[in-house]
Protein chains: 2
Amino acid sequence: MVNIKDVAARANVSVGTVSRVLAKNETVGKELRELVEATIRELNFRPNGVARGLRRSRTDMIGLVIPDITNPFFAELAKHVEAIASSAGFSVLLSITNDDPKIELAQIDSLLKSYPTGLIVVPTQFGASKGWSSDVATVAVDRRFTGLPLISVNHYRGAGLAAAHLVALGHERIAYIAGSADAPVSRERRAGFLNTLASAGVRCEAVEGHFDYASGETLGRFLLDRPPHERPTAIATASDQQAIGLLRAASDLDLKVPDDVSIIGFDDIPLANLVTPRLTTISQPVEQIAARAFAAITGADNVPLQDDYLEATLVVRGSTAALLQV
Amino acid sequence: MVNIKDVAARANVSVGTVSRVLAKNETVGKELRELVEATIRELNFRPNGVARGLRRSRTDMIGLVIPDITNPFFAELAKHVEAIASSAGFSVLLSITNDDPKIELAQIDSLLKSYPTGLIVVPTQFGASKGWSSDVATVAVDRRFTGLPLISVNHYRGAGLAAAHLVALGHERIAYIAGSADAPVSRERRAGFLNTLASAGVRCEAVEGHFDYASGETLGRFLLDRPPHERPTAIATASDQQAIGLLRAASDLDLKVPDDVSIIGFDDIPLANLVTPRLTTISQPVEQIAARAFAAITGADNVPLQDDYLEATLVVRGSTAALLQV
DNA sequence: CTGTTAGCGCTTTCAA
DNA sequence: TTGAAAGCGCTAACAG
């Protein structure tokens, strides 16, 4: 491989000069700069990132640690993080924890060997990982990681939006399908939903499951397989995956959505816009989250490393409707 | 940070000795080895991967280049690649190409800066990327990349399995929803399906779209919104996403699956097992593909770097049934 | 504005 | 079996 020395020799300049034109911002005379640039092209010189990393004890990489890349929401997050990082000249190191705190720690440790510029971690669901720290800039996304700044949607307020929407539509027999009560995110969404409902004087039956399709379907069947006057007229879920499972349950019971029952999800994953009917949901500003997280760890725009809550928005599509007056 | 020199000094040995116990396989006297190991723990020494990488001009990383992490099949692939790499002590650098050959080239170039041990690339769908080469071990997965060894399921035979299944079930009015004809993978699956049908003397109406949900729904509606005697009794698709869209179209038209129409997909993504009815499909051995690809680029098990076709398998679930005799 | 040079932390000959 | 020492390719003082 051709290195910086070869370029310097060929262009009759010092390696320092070549290094400076590589750094772009240095003070190099126009003539020399152009000569060096031409030589670089001529020799097809590719700066060695590893050497650079060693010298600066920091590579142009960021670590992305997520529980499950198979989860559409995290996949979406990864996509945006990669896009932003990539366009800023960074590579992304992907680590998957499988929602296991032990693995999470090991993965982070392993990432650190590569001296990344920063770390974006979506902590494990239940892990109250003990105070952990390192000298690389790190943010937690979506879920709290003890001792780290958190960048996340405001789950509580987002869920409140869903509740307000249902109330505005005139629903009074409402049910909520929550995620696991052990997961802080679940608790926040649930509290936001129930408290908003309570403020409006509307009662709610809440059941608890997991964030997945299967859970939505099972609990949906439980809530819907009842006589019409005992059946909720609207159901909110803690995730779109649950809502989609719920859609299936409704369809199996020959219930029309939204005529017989309104359904609202949370996350706005790509599939939400493809199911029938298209799912009304609470949209997380994933791209914005990714951008903030990246800016925070790279220190771009002088973004400080601190908590940052973003607002979710209500996306009304076809799965919710005003309560039919009977 | 504590480095190898600190450890050497503390243990009163040379850095060479420390390096050898790090490498594990070297000939170091038992006493010294244990002393060094203890010192490493005591100082909580973490070898610097970047320095190591520079010296060996190869880091313990592999690059994974995929078109779209949002696609469930690729997400699944990424998951397995990460798991295998991780357990072998490798980190994975993730690059997303968005199915754009230009970006693909740039991304690979960028990855190479980090001197990865190998590259696993799922080429862009339409890209006949011109002969490309580098000195890092590289394999293509799922789709052919000119000049690179390919590790993939046998798309042709896999689709043949689907055709045989439908024929065995007694279907004679069969339709096929293909992916884009510009994509080699689409063409192989289509050919495998149609040729197998032809051998069995069964005719087939083939329509062409894309690999996504929307395409399956649109084309499904086109095929199914007909009088019963003109409607296919079975439809195969080039992807599970299409099949799921198709399921939706059938449901919208009040057609029962599999009673009114049998449906079979391709890929066996996680969602395939969660829809109602559960989707009969052709399963790709994703984990095996990931394992082979990883072994190939790391040279583990003396796996040579060459083409390697794996067999898909038929997974019969609830969306296909024998043709009802009328 | 440009050249020189000392390392970054590690692996790997080469000697002893 | 162990130690000494030469770099891997680059950046960042420092000098001029």
Side-chain angles (χ1 to χ4, degrees), chain A residues 1-40 43-61 89 91 110 112-117 135-136, chain B residues 1-37 39-40 43-61 89 91 110 112-117 134-136:
Chain A
M1 280 278 68
V2 22
N3 60 26
I4 202 173
K5 239 166 128 183
D6 299 327
V7 176
R10 187 86 164 83
N12 273 310
V13 299
S14 71
V15 294
T17 300
V18 179
S19 178
R20 283 185 276 261
V21 342
L22 247 29
K24 226 130 201 155
N25 57 344
E26 292 288 339
T27 52
V28 177
K30 185 154 180 278
E31 279 182 31
L32 271 198
R33 174 174 42 254
E34 285 170 354
L35 170 60
V36 170
E37 282 167 348
T39 310
I40 286 176
L43 265 38
N44 192 31
F45 166 62
R46 307 277 157 189
N48 181 324
V50 182
R52 179 161 204 261
L54 174 59
R55 181 56 229 240
R56 318 194 345 171
S57 42
R58 176 162 51 82
T59 58
D60 285 343
M61 307 195 275
S91 293
S110 169
L112 257 19
K113 284 197 212 308
S114 300
Y115 283 74
T117 292
D135 43 350
V136 329
Chain B
M1 277 282 68
V2 23
N3 61 26
I4 202 172
K5 237 165 127 183
D6 300 327
V7 176
R10 187 88 164 81
N12 274 310
V13 298
S14 71
V15 294
T17 300
V18 178
S19 177
R20 279 172 206 121
V21 344
L22 247 30
K24 228 131 201 156
N25 58 341
E26 290 291 337
T27 52
V28 176
K30 187 158 181 273
E31 278 182 31
L32 273 196
R33 173 174 43 253
E34 284 170 356
L35 170 60
V36 170
E37 282 167 348
T39 310
I40 287 176
L43 266 37
N44 193 29
F45 165 61
R46 307 277 159 192
N48 181 321
V50 182
R52 179 162 205 263
L54 174 58
R55 181 56 228 239
R56 317 194 341 168
S57 43
R58 174 163 50 83
T59 59
D60 285 343
M61 305 196 275
S91 293
S110 169
L112 258 19
K113 284 197 212 308
S114 300
Y115 284 72
T117 292
S134 99
D135 43 352
V136 330

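Atoms considered below: every heavy atom in the structure, side chains included; atoms not considered: hydrogens, waters and symmetry mates. Throughout, protein chains are lettered first and strands after them, A, B, ... in sequence-line order, and every chain is numbered starting at 1. Computed from a predicted structure; not experimentally measured.
Two residues, A:N12 and B:S19, neighbour DNA chain C, and the one matched to the more 5' nucleotide by heavy-atom proximity is A:N12.
Using a 4.0 Å heavy-atom criterion, one finds that B:V18 contacts no nucleic acid atom at all. Using a 4.0 Å heavy-atom criterion, one finds that B:G29 contacts the sugar-phosphate atoms exclusively.
Contacts of residues 44-58 of chain A with DNA chain D (heavy atom under 4.0 Å): A:F45, A:P47, A:N48, A:A51, A:R52, A:R55, A:R56.
Between B:T17 and D:dG3 there is a side-chain polar atom (N or O) within less than 4.0 angstrom of OP1 or OP2. Within the 4.0 Å cut-off from OP1 or OP2 of C:dT4, not a single side-chain nitrogen or oxygen of A:S14 is found.
B:M1 CE to B:N48 CG: the interatomic distance, rounded to the nearest 0.5 Å, is 10.0 Å.
Listed candidates were C:dG9, C:dT2, D:dT11. Nearest to the side chain of A:T27 is C:dT2.
No donor-acceptor distance shorter than 3.5 angstrom exists from the side chain of B:T59 to the backbone of B:G53, with no hydrogens or angles considered.
When rounded to the nearest whole Å, the span between CZ of A:R33 and P of C:dT2 equals 9 Å. The distance between atom CG of B:D60 and atom P of C:dC10, rounded to the nearest whole Å, is 13 Å.
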Enumerate all atom pairs, one protein N or O and one N or O from nucleotides 13-16 of chain C, separated by less than 3.5 Å.
unit_1, atom_1, unit_2, atom_2, d
C:dT13, O4, B:R20, NH2, 3.4

